[in-house]
There are 2 protein chains.
Amino acid sequence: MSDPLSLTFAALADPTRRAILARLSEGDATVNDIAAPFEMSLPAVSKHLKVLEGAGLITRSRSAQWRPCHLEAAPLKDADGWIARYRRFWDASFDRLDDYLRELQAGDPDKKS
Amino acid sequence: MSDPLSLTFAALADPTRRAILARLSEGDATVNDIAAPFEMSLPAVSKHLKVLEGAGLITRSRSAQWRPCHLEAAPLKDADGWIARYRRFWDASFDRLDDYLRELQAGDPDKKS
DNA sequence: CAGTTAATTAACTTATCGGTTTAATAATGC
DNA sequence: GCATTATTAAACCGATAAGTTAATTAACTG
């Protein structure tokens, strides 16, 4: 029933899940590794991972008895795309034209750095 | 109990509330104006507005018996700031240096946060 | 095989969410 | 004062969220 963007924002609306994504931004990790810093049970962390997976923010592979988690940024890109339309409200340098140009750049696969 | 960022993402995790913000991005509006496009009761919309207000995404003033709603983008800026750290994962043109330069550009013009 | 480690599932509790209908508050206009 | 309009509050409901503990699955190891 929930659209992808709602799933993404809902997944991000929890500090534990945001911390998990931050951890994964430094590299893949197993469930136990991910759970270690948190003062909650392993099943609780497992549920958070399920929410993140449901939102497409992580994927899980299998390696023996471990299930390494991997960050998937595509939904974050979509969330960013939604927020981008409001940038002009907080940043004077992003007026409508700038915003349009930025979206062009973001959507263009050629790499001009 | 919820931190501001969680409140913001939770508020965005509903298509009705996102549509309300989109409407307000075109100008202030009263509750009835906001509710008109939706197939739900007025109290339901009023509750959504309360959630948005609780997240700091809107403010409400009073003008006679109307309560015009106004978009407040500051929490969106914070949400964007959180997501920004992941930009390098989906956009090759935003490597760490580009990201740093972007934040400089975004942070300089108005220093009100 | 038995034992250990990794992770998930099941069952349950408590709280919050998103909606409803009905009632109340607040301001305007006659 | 009384009716009308705008908005919120109260009470309620079903579904979902976030956590727990206990049990289960899955894979490795001696």
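Computation of the quantities below employed the complete heavy-atom set of this structure, encompassing side-chain atoms and omitting hydrogens, waters and symmetry-equivalent molecules. Predicted model, so just to flag it, every value in this text is computed and none were measured.
- If you check D:dT7, C:dG18, C:dT22 against the side chain of B:Leu42, the one that comes closest is D:dT7.
- Closest to the side chain of A:Met40, out of D:dG19, C:dT22, C:dT28, is D:dG19.
- One can place CG of A:Asp28 at 13 Å from P of C:dA7, the figure rounded to the nearest angstrom.
- One atom, CZ of B:Arg18, and another, C1' of C:dG18, lie 15 Å apart when rounded to the nearest Å.
- In this structure, B:Trp82 and A:Leu21 have side chains that are in contact, with non-hydrogen atoms separated by less than 4.5 Å.
- In terms of phosphate contacts, B:Asn32 brings a side-chain nitrogen or oxygen within less than 4.0 Å of OP1 or OP2 of D:dT7.
- In this model, a donor atom of one side chain and an acceptor atom of the other lie less than 3.5 Å apart for A:Ser6 and B:Arg18.
- Straight-line distance from the CD1 atom of A:Ile34 to the P atom of C:dA6: 14 Å, rounded to whole Å.
- If you take CZ of B:Phe9 and C1' of D:dA18, they are 19 Å apart, rounded to a whole angstrom.
- Picking from D:dA26, D:dT8, C:dA27 the nucleotide with the shortest atom distance to the side chain of B:Pro43 gives D:dT8.
- In this structure, CZ of A:Phe38 is placed 18 Å from C1' of D:dT20, rounded to the nearest angstrom.
- Dashed line: the shortest gap from a side-chain N or O of A:Ser41 to OP1 or OP2 of D:dT20 is under 4.0 Å.
- For the side-chain contact (heavy atoms from CB on, under 4.5 Å) with A:Cys69, the qualifying choice from A:Asp28, A:Ile20, A:Thr30, A:Ile58 is A:Ile58, the only one to do so.
- Following rounding to the nearest Å, B:Arg60 (CZ) and C:dT25 (P) show an atom-to-atom distance of 18 Å.
- Distances shown here put a side-chain N or O of A:Lys50 below 4.0 Å from the OP1 or OP2 atom of C:dT9.
- The side chain of B:Arg67 places no N or O atom within less than 4.0 Å of a non-bridging phosphate oxygen (OP1 or OP2) of C:dA27.
- Between B:Ser63 and B:Val51, the one whose closest nucleotide on DNA chain C sits nearer the 5' end is B:Val51.
- Comparing A:Thr16 and A:Ala64 along DNA chain D, the residue whose closest nucleotide (by nearest heavy atom) sits nearer the 5' end is A:Thr16.
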Test side-chain contact (heavy atoms from CB on, under 4.5 Å) on A:Leu24 and A:Ile34; report intermediate values, then the result. CA-CA 8 Å; A:Leu24 291 179; A:Ile34 291 167; 4.0 Å; yes
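- Distance, A:Trp66 CH2 to D:dA27 P: 12 Å, rounded to whole Å.
- A side-chain contact (heavy atoms from CB on, under 4.5 Å) with B:Val45 is found for exactly one of B:Met40, B:Arg17, B:Lys50, namely B:Met40.
- Contact check, B:Thr30 against D:dA6: no side-chain N or O comes under 4.0 Å of OP1 or OP2.
- The A:Gln65 side chain lies nearest to C:dA6 when the options are D:dG19, C:dA6, D:dT8.
- In this structure the side chain of A:Tyr86 never reaches within 4.5 angstrom of the side chain of B:Asp80, judged on heavy atoms.
- Among the nucleotides D:dT8, D:dT20, C:dT28, the one closest to any side-chain atom of A:Ala44 is D:dT20.
- With rounding to whole Å, A:His48 atom NE2 is found 13 Å from C:dT8 atom P.
- The side chain of B:Ser46 places an N or O atom within less than 4.0 Å of a non-bridging phosphate oxygen (OP1 or OP2) of D:dT8.
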